[in-house]
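Presented below is the structure to which this report refers.
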Amino acid sequence: MASPGFFTCMLLALFIGIWPCHAQNVTLSVYYETLCPYCSDFIVNHLVKLFHSRLFSIVNLRLVPWGNAVLQSDGSFLCQHGPDECRLNTIEACTISEYPNEEQHLSFILCLERLASANNLNEWINCFNTTGLATVPIDCYKSGYGNVLENQYAAETAQLDPPHKFVPWVLVDGQPLQEDFKNFVTYVCNAYEGEQVPEACHPLPLMNNSLKKATPSYPASLLSADTPYSITWLLIYGIHFSFSFSLL
């Protein structure tokens, strides 16, 4: 008869064999704001690659819709692209909360950001129907819970080390990609240490599994990404963004 220790070892071996499948995933974090044209471009034309060639299978995606917004002394939000951006940041925060499945909430955010890129935000509400999601994030927004989520994102963004220089600010396993953020697939693939390598990673060059060996220069140009609110306020102060939010 096998000893209890034998069964303990077998269970431990089974656990060790299963656990790395989750532990070895690469964390991809994106700090952004909804009406930033550079953020929209990144999400719509680059982050969408997560849906291609099973790349999602090795990624833990974290989307943080706060960006260069400012938390004021009275608790209200001041957003770089106006009050509509504050509303949509909160709607996206609520969608992430209500639909924690990464593929689900990214699908909704992709839909909304496509509309933002096309200056057609009046139809953003249709993204729920397009992606097959219920409108519970709107209830989250109206209840005030979205503000709680945004406060959490504000605190997280403020604690970035090094601080973000512009948005989108993209990190792979905690390492900022800085100006090379559009090349995130290469960083993800080279940071992945698991055995189930997706097709998207096969043709990519190796980087010795080190993000630190590919540190692009910064700060970024104002023409390539949105810089923090305190730097660009004078540039955008006179710009007014107006969109219709009939249901809000």
Side-chain angles (χ1 to χ4, degrees), residues 26-69 79-82 84-96 99-133 137 153 157 164-172 176-189 198-200 204 220-227 236 239 241 243-245:
V26 178
T27 299
L28 175 65
S29 304
V30 181
Y31 295 80
Y32 72 103
E33 54 198 25
T34 53
L35 298 187
C36 160
Y38 309 106
C39 296
S40 296
D41 173 74
F42 173 69
I43 292 171
V44 171
N45 296 313
H46 301 278
L47 195 60
V48 69
K49 295 174 185 176
L50 288 177
F51 289 107
H52 302 161
S53 303
R54 296 183 61 253
L55 196 58
F56 242 131
S57 67
I58 66 168
V59 168
N60 296 324
L61 177 65
R62 296 195 66 257
L63 296 172
V64 183
W66 176 259
N68 297 328
C79 295
Q80 184 167 355
H81 299 95
D84 290 336
E85 180 169 72
C86 288
R87 296 188 189 100
L88 287 175
N89 283 348
T90 309
I91 286 291
E92 293 195 0
C94 283
T95 303
I96 294 167
Y99 295 100
N101 179 280
E102 297 164 4
E103 296 186 47
Q104 283 187 315
H105 64 242
L106 179 57
S107 293
F108 174 84
I109 291 170
L110 276 169
C111 177
L112 195 153
E113 296 300 332
R114 285 192 184 101
L115 293 175
S117 297
N119 294 317
N120 197 21
L121 270 176
N122 291 344
E123 299 180 8
W124 72 268
I125 190 69
N126 295 331
C127 287
F128 290 111
N129 183 60
T130 301
T131 56
L133 303 181
Y153 286 149
T157 303
H164 76 287
K165 304 294 183 182
F166 51 85
V167 289
W169 188 250
V170 182
L171 287 74
V172 170
L177 306 190
Q178 301 186 43
E179 289 182 329
D180 203 26
F181 59 89
K182 291 182 179 179
N183 196 30
F184 77 94
V185 173
T186 298
Y187 291 91
V188 166
C189 290
E199 182 182 346
L204 296 176
S221 166
L222 289 175
L223 298 179
S224 64
D226 274 10
T227 55
I236 67 171
I239 303 177
F241 293 84
F243 299 103
S244 169
F245 289 81

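Position 1 is the first residue of the sequence; numbering continues from there.
- Under the 4.5 Å side-chain criterion, counting only non-hydrogen atoms from C-beta, Arg114 is in contact with Val48.
- Looking at Lys182 and Asn45, their side chains never come closer than 4.5 Å, going by heavy atoms from C-beta outward.
- Residues forming a disulfide bond (SG atoms under 2.5 Å apart) with Cys86 (at least two apart in sequence, or on another chain): Cys79.
- Side-chain contact between Ile91 and Thr34 is absent, with no heavy atoms from C-beta onward closer than 4.5 Å.
- Here the closest non-hydrogen pair linking Asn89 and Pro65 is CB-O, 3.5 Å.
- Atoms CZ and CG, on Phe56 and Leu106 in that order, are 5.0 Å from each other to the nearest 0.5 Å.
- The ring of Phe42 has its center closer than 6.0 angstrom to the ring center of Phe181.
- For Glu113 against Ile43, the heavy-atom pair with the smallest separation is CG-CD1, 3.9 Å.
- Nearest heavy atom pair, residue His52 against residue Ala200, reads O-CB, 4.3 Å.
- Of all heavy-atom pairs between Trp169 and His164, the closest is CG-CB, 3.4 Å.
- Shown are Leu28, Val188, Val170, Thr186; of these, the side chain to side chain contact (heavy atoms under 4.5 Å, CB included) with Leu177 is made only by Val170.
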#### Entry: CA sep, side-chain torsions, deciding dist, call: Val26, Phe184, side-chain contact (heavy atoms from CB on, under 4.5 Å)
CA-CA 11 Å; Val26 178; Phe184 77 94; over 6 Å; no

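- Side-chain contact check for Tyr153 and Glu92: no donor-acceptor pair (N or O, by modelled atom type) lies under 3.5 Å.
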### Task
Any chance you could lay out the side-chain contact (heavy atoms from CB on, under 4.5 Å) test for Arg87 and Trp124, step after step, and finish with the verdict?
CA-CA 12 Å; Arg87 296 188 189 100; Trp124 72 268; over 6 Å; no

